[in-house]
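For reference, the structure discussed in these notes is given below.
Here is the naming used below: chain letters follow the sequence lines, and residue numbers restart at 1 for every chain.
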Amino acid sequence: MSPFHFDGLVWHWPIAIYLFLAGMSAGAIFFAILLKYFCLKQHAHHSSFVIAACIIAPLTIWAGLGILVIDLTKPLDFWKILVFYNPLSVMSLGVMVLLVFQLFMFAWIAIVFAVPLSAWLSTRLPLAERLLQQLTRYEAGITGLTMILSLALGAYTGFLLSALPGYPLLNNPVLPLLFLISGLSSGAAGALLLGVLLKGQADSREVKFIHKIEIPLILTELVMLFTFFAGLVLSGGQRQVAAWNALGPGFWGWVFWGGIIGLGLSLPLAMNLFMTASAQRRFSYVAATASMSLLGVLLLRHFILYTGQMTSL
Amino acid sequence: MDKSKRLFLQGAGAILAGISLYQTRLATAREPQASKVKYALLHDETLCIGCDACTLACREANQVPADVTRLTMVRSGPFGEYPNRRYHFSRQSCQQCENAPCVTVCPTGAAYIDAQTGIVKVDDWKCVGCQYCIAACPYKVRFIHPVTRAADKCDFCADSRLQHGQQPACVSACPTKALIFGDISNQLAPITRLIKHNAVDRDKVSLGTRPKLFKIRAPSGEVIL
Ligand code: SF4
Ligand code: SF4
Ligand code: SF4
């Protein structure tokens, strides 16, 4: 059985990349919000890391949506998803969440950069500036909703797959939480990587703040992966078969143990602990750790998508 | 606790509540839909000789292109020694689930259950080809039609024959009368009586899909005594 082509394979790698990008967008905004309210307060718009997150969030969500549309067999008919809704379909709900998320994401980004933005707008587009002033009055509500929507988006990437009844590995209640957590950590990693590339200080308080959250996040992800597969193995039958097909020797087994557990989770965890203990943060450390995390999450999406379809009930 | 932290906790609470509400919503949606007529199909495997007349008739009646199919006869065996050597034939096609996963997941409603006949159908025009239904169908019988680019599968010949008062093509073509088609809400229909008086089986009932492709199993050839 070839790892990328086998009987029963319906969804290919574009879906994995779409799930990766949507999760990353959600995670980037989530961390931008945390950075602003728990770490930087009014100075948020000066931070390279907040700027990075606010660049990543829209770009990834658009790239993801683009991939989703191109992957349809009738790409030109994609508007029908926006016009016809099925409230029971996870995909339909997800599209709704995606649209509303983008709305609030932009509103929130506008609020964060309200000071420089209104200075720029006041002479050129006074009407837009007044609108912005109105928007800032609802900062608390918009922030709360953006937060909720980013979590919903992150979880949706998992619900999309867990709603498939025929695949024991995917049809798993832990999957949405696993994807949510890994999506959040990919957002953090993306913000860190682009942040240092945008000349953010590697030993700034933003980096320390994100690392402080990333350590428990990685530990949670490890626990979830354990629960995910322990649950499958203990259920017996095809669920157990699915777990061993995924984790056992073979291409995807290597991806899991070497790529996801090794490079994607253990290495960043060790580097984060080292950086926290030694109080030493250099550009290369931060960038390398973030790249490893991103690679790990990307591999996880592919791993789950492909091995999930390998075994059916 | 400062304001932003409180906001965060409220948000987290709301999303958990939202998820659990959605789950209960899904659970209640699993009630079978009621329709007046309830078409079903019975495959009597003891009569089936595996001639594939049904597969060919289906292809012709519904203009199914060569590289895809609505119906496959799965052959297993041979079992036993000559002269008692035999094969098993099992029908693989849309099971016309009453609680159809393909309908639940379809984002546009292109996969739907026809209210008049209880037949699971596809609206070619509404379908965008996301293939969510293909992944969701536990019986692996849906495919993308190479010409329409929409999802397709057996619809009991609803458009090609039923509406002209004819039986499904596969049923008419079967030389041994191994396929019986009819309305199981009608107590007097031959199919209803056969289902009542035989130990009928259905595939993957444990998934709760309530399939309407019934099977009378052939004596179990694969058991080695
Ligand atoms: S067998 Fe598959 S395609 Fe047919 S109704 Fe059931 S889920 Fe849908
Ligand atoms: S492929 Fe078509 S019928 Fe199937 S879920 Fe997508 S839109 Fe619905
Ligand atoms: S009922 Fe019609 S569409 Fe379905 S398998 Fe038979 S011939 Fe094909």
Item to complete: Starting at OG1 of B/T108, measure out to OH of A/Y85 and round the result to the nearest 0.5 Å.
Response: 11.5 Å

Response to the item:
Comparing A/L72, A/L82, A/D77 against chain B, the one with the most heavy-atom pairs below 4.5 Å turns out to be A/L72

Worksheet item: Where do A/L313 and B/L207 land on the side chain to side chain contact (heavy atoms under 4.5 Å, CB included) test, with the steps shown first?
Response: CA-CA 9 Å; A/L313 276 178; B/L207 295 178; 3.3 Å; yes

Discussion item. Can you tell me which portion of B/A150 sits under 4.5 Å from chain A's heavy atoms? Options are side chain, backbone, both or neither.
Written reply: both

Worksheet item: Hey, is OH on A/Y138 packed in by over 12 heavy atoms from elsewhere, all under 6.0 Å?
Response: no

Practice prompt. Find the one option among B/P138, B/G109, B/C137, B/A136 whose heavy-atom pairs under 4.5 Å with chain A are most numerous.
Written response: B/A136

Worksheet entry | Part of B/K140 lying under 4.5 Å from any heavy atom of chain A | side chain

Practice prompt. I would like to know whether B/V128 and A/W79 meet side chain to side chain contact (heavy atoms under 4.5 Å, CB included); could you show each step before the answer?
Written response: CA-CA 9 Å; B/V128 293; A/W79 55 271; over 6 Å; no

Worksheet item: At what distance, to the nearest 0.5 angstrom, does SG of B/C133 lie from CE of A/M91?
Response: 9.0 Å

Discussion item. If I compare all heavy atoms of A/A163 with all of B/Y132, which pair ends up nearest, and what's the gap?
Written reply: CB-OH, 3.7 Å

Discussion item. Looking at every non-hydrogen atom in both residues, tell me the closest pair between A/K80 and B/K126 and how far apart they are.
Written reply: CD-O, 4.0 Å

Discussion item. As an exercise: rank A/G166, A/G94, A/S312, A/S92 by heavy-atom pairs under 4.5 Å with chain B and give me the winner.
Written reply: A/S92

Worksheet, complete the sentence: In terms of heavy-atom pairs under 4.5 Å with chain B, the winner among A/N171, A/L160, A/L170 is A/L160

Worksheet item: If you draw a 6.0 Å radius around CD in A/Q42, do more than 12 non-hydrogen atoms from other residues or ligands fall strictly inside?
Response: no

Item to complete: Of all the heavy-atom pairs spanning A/N86 and B/C106, show the shortest one and how long it is.
Response: ND2-O, 2.8 Å

Fill in: Nearest-0.5 Å distance that lies between atom OG1 in A/T73 and atom CD1 in B/I144
4.5 Å

Worksheet item: Which value, rounded to the nearest 0.5 Å, describes the distance between A/I15 atom CD1 and B/Q131 atom CD?
Response: 8.0 Å

Practice prompt. Tell me whether the guanidinium CZ or amine NZ of A/K74 lies under 6.0 angstrom from the six-membered ring centre of B/W125 and within 45° of its axis.
Written response: no

